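Quick caveat: nothing in here was measured; it's all calculated off a predicted structure.
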There are 2 protein chains.
Amino acid sequence: MPTRYKGSAREVRALDTFVKLTRATETLGTQLQRHLASLEITPPQLAVLEALLHVGPMSQSELGRKLLRSNPNMTALLDNLERNKWIQRERSPEDRRVVVVSLTPEGRRVIERVFPAHAAHVTALLGGLSAEEQETLGTLCKKLGLSLSEG
Amino acid sequence: MPTRYKGSAREVRALDTFVKLTRATETLGTQLQRHLASLEITPPQLAVLEALLHVGPMSQSELGRKLLRSNPNMTALLDNLERNKWIQRERSPEDRRVVVVSLTPEGRRVIERVFPAHAAHVTALLGGLSAEEQETLGTLCKKLGLSLSEG
DNA sequence: TATTGTTATACTCTATAACTATA
DNA sequence: TATAGTTATAGAGTATAACAATA
């Protein structure tokens, strides 16, 4: 705990909030990751499949921007997903530099099968908070997230 | 966003909260990690140094339990920290299987120097939320964290 | 036998720099 | 020249299995 840190009240408050936020999210993430590992899927891979499912096909650099990943990183991630035959790459006919990434039928099946199990697990893990508390938490996180991407 | 997911109201709410929580924390983490990288320290390394600073010397398996890391992982992490001369290992005289890990004077200097910069950065990034909002967020995350470690 | 930690091994993720192909 | 993506290279983190030393 950062209680020994001799900063201003603003700093102490921000650090305290930060520590609680990251510890809760990490604990949540660790428990979910164990579950995902049993399904042979990593969190970055889940993020890619989710984005493709919810947003639709998009170029590799669009994906990278959305998921905050570098281009070489996206190449490596997509190589692994392509090896599993969960995504496919196609050159755009309009601009042949662009690679359009989309789910394969099998990838769609995987994400559509994994997602409900993931959802049930998330619901169970968040069960320690009431509906109102979850909504307040979500609202504050959204506000924080927006302020971070603007800033 | 998981809005296309046809689950119960509880599931939709939990997923929505989860997505907002993890996106905000990830964005925060990514921005902080860039800063830490410029200080040549990784987030798991920071976590180890922080634990040793705030809790004091402890055995390798205690550290692993606190930080949710496996034993071989702790060995590798501590190898890297020891190479930087930031931590030291000593066999416990009482139980010679046990390795007690502590900060070196240099390690203490590093974490005590890094922490204020880290604190300032965190304070700036959380500036999008008011004091009251930060406190509410912290309270909810603490409650969530506690329910996760009990469960 | 059980516990603490290390070694061996392998894989994913990540980053930077240099490169190719296309615009 | 600028952009999209790949390749080369390297390093950090993580996990499982097999092992040594100690209790």
Side-chain angles (χ1 to χ4, degrees), chain A residues 22 26-27 29-49 51 57-84 86-102, chain B residues 22 26-27 29-49 51 57-84 86-102:
Chain A
T22 51
E26 266 180 26
T27 305
T30 303
Q31 301 194 17
L32 286 168
Q33 194 166 342
R34 282 185 193 141
H35 179 237
L36 288 178
S38 74
L39 301 169
E40 313 236 8
I41 185 168
T42 66
Q45 288 175 359
L46 182 71
V48 170
L49 297 183
M58 71 188 97
S59 80
Q60 193 153 323
S61 34
E62 267 180 283
L63 259 177
R65 273 192 297 276
K66 268 189 205 309
L67 306 178
L68 298 175
R69 300 291 185 263
S70 67
N71 255 335
N73 187 197
M74 281 310 310
T75 296
L77 258 172
L78 293 175
D79 285 350
N80 289 337
L81 286 167
E82 197 175 34
R83 199 188 46 211
N84 286 349
W86 291 345
I87 61 102
Q88 58 200 351
R89 289 157 152 146
E90 289 164 303
R91 286 280 165 191
S92 161
E94 294 117 45
D95 181 342
R96 295 195 42 73
R97 294 171 304 179
V98 170
V99 170
V100 177
V101 183
S102 55
Chain B
T22 50
E26 263 179 29
T27 305
T30 303
Q31 301 194 18
L32 286 168
Q33 193 167 342
R34 281 185 193 142
H35 179 237
L36 289 178
S38 74
L39 301 168
E40 314 237 4
I41 185 169
T42 66
Q45 288 175 0
L46 182 71
V48 170
L49 297 182
M58 71 189 96
S59 79
Q60 193 154 320
S61 33
E62 267 180 281
L63 260 177
R65 273 191 297 277
K66 269 189 205 311
L67 306 178
L68 298 176
R69 300 289 184 266
S70 67
N71 256 334
N73 187 197
M74 281 309 310
T75 297
L77 257 172
L78 293 175
D79 285 350
N80 288 339
L81 286 167
E82 196 175 35
R83 199 187 47 210
N84 286 350
W86 290 346
I87 61 102
Q88 59 200 351
R89 289 156 151 148
E90 288 163 304
R91 285 280 164 190
S92 161
E94 295 118 43
D95 182 341
R96 295 194 45 72
R97 293 172 305 180
V98 170
V99 171
V100 177
V101 183
S102 56

Counting only side-chain heavy atoms from C-beta out, which of [options] sits nearest to [X]?
X: A:N73; options: C:dT14, D:dA4, D:dA17; result: C:dT14
X: A:Q45; options: C:dT12, C:dG5, D:dG13; result: C:dT12
X: A:P72; options: C:dC13, D:dA17, D:dA8; result: D:dA8
X: A:D95; options: C:dT22, D:dT6, D:dA12; result: C:dT22
X: A:V98; options: C:dG5, D:dT6, D:dG5; result: D:dG5
X: B:R97; options: D:dT14, C:dT3, D:dG5; result: C:dT3
X: B:T42; options: D:dA4, C:dG5, D:dG13; result: D:dG13

CD-CD distance between B:E82 and B:Q88, expressed to the nearest 0.5 angstrom: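 With rounding to 0.5 Å, CD (B:E82) is 9.0 Å from CD (B:Q88).
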
Assign B:T75 to base, sugar-phosphate, or nothing according to its heavy-atom contacts below 4.0 angstrom with the strands shown.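 It contacts base atoms.
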
Return the value, rounded to whole Å, for the distance between atom [atom1] of [X] and atom [atom2] of [N].
X: B:D79; N: D:dT14; atom1: CG; atom2: P; answer: 14 Å
X: B:M74; N: D:dA15; atom1: CE; atom2: P; answer: 12 Å
X: A:N80; N: C:dC13; atom1: CG; atom2: C1'; answer: 9 Å
X: A:N71; N: C:dC19; atom1: CG; atom2: P; answer: 18 Å
X: B:R69; N: C:dG5; atom1: CZ; atom2: C1'; answer: 18 Å
X: A:E90; N: D:dG5; atom1: CD; atom2: P; answer: 13 Å
X: A:R91; N: D:dT6; atom1: CZ; atom2: P; answer: 6 Å
X: B:L78; N: C:dT6; atom1: CG; atom2: P; answer: 8 Å

Locate the shortest heavy-atom distance separating [X] from [Y]; write the atom from each residue and the value.
X: B:L63; Y: B:A51; result: CD2-CB, 4.1 Å
X: B:V98; Y: B:S59; result: CG1-CB, 3.6 Å
X: A:G64; Y: A:M74; result: CA-CG, 3.6 Å

Checking A:V101 against A:L81 for the side chain to side chain contact (heavy atoms under 4.5 Å, CB included) test, could you report, in this order, the C-alpha distance in whole Å, the side-chain angles of both residues, the deciding distance, and whether it holds? CA-CA 11 Å; A:V101 183; A:L81 286 167; over 6 Å; no

Minimum side-chain heavy-atom gap A:V100-A:M58 below 4.5 Å: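 Of all side-chain heavy-atom pairs linking A:M58 with A:V100, none is under 4.5 Å.
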
For DNA chain D, whose closest nucleotide is more 5', that of B:R83 or that of B:S70?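 Mapping each residue to its closest nucleotide by heavy atoms, the 5'-most match is B:R83.
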
Closer to the 5' end of DNA chain D via nearest nucleotide, is it A:R65 or A:R34?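 Nearer the 5' end of the strand: A:R65.
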
Pairwise 5' ranking along DNA chain C for A:P44 and A:E94, keeping only the more 5' one: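 Comparing both residues, the 5'-ward one is A:P44.
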
Would you mind telling me which residue lines up with the more 5' stretch of DNA chain C, B:Q33 or B:Q60, judged by nearest nucleotide?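 Looking at DNA chain C, the more 5' nearest nucleotide goes with B:Q60.
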
With a 3.5 Å cut-off and just heavy-atom distances, do the side chain of A:R96 and the base of C:dT22 make a donor-acceptor pair?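 There is none.
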
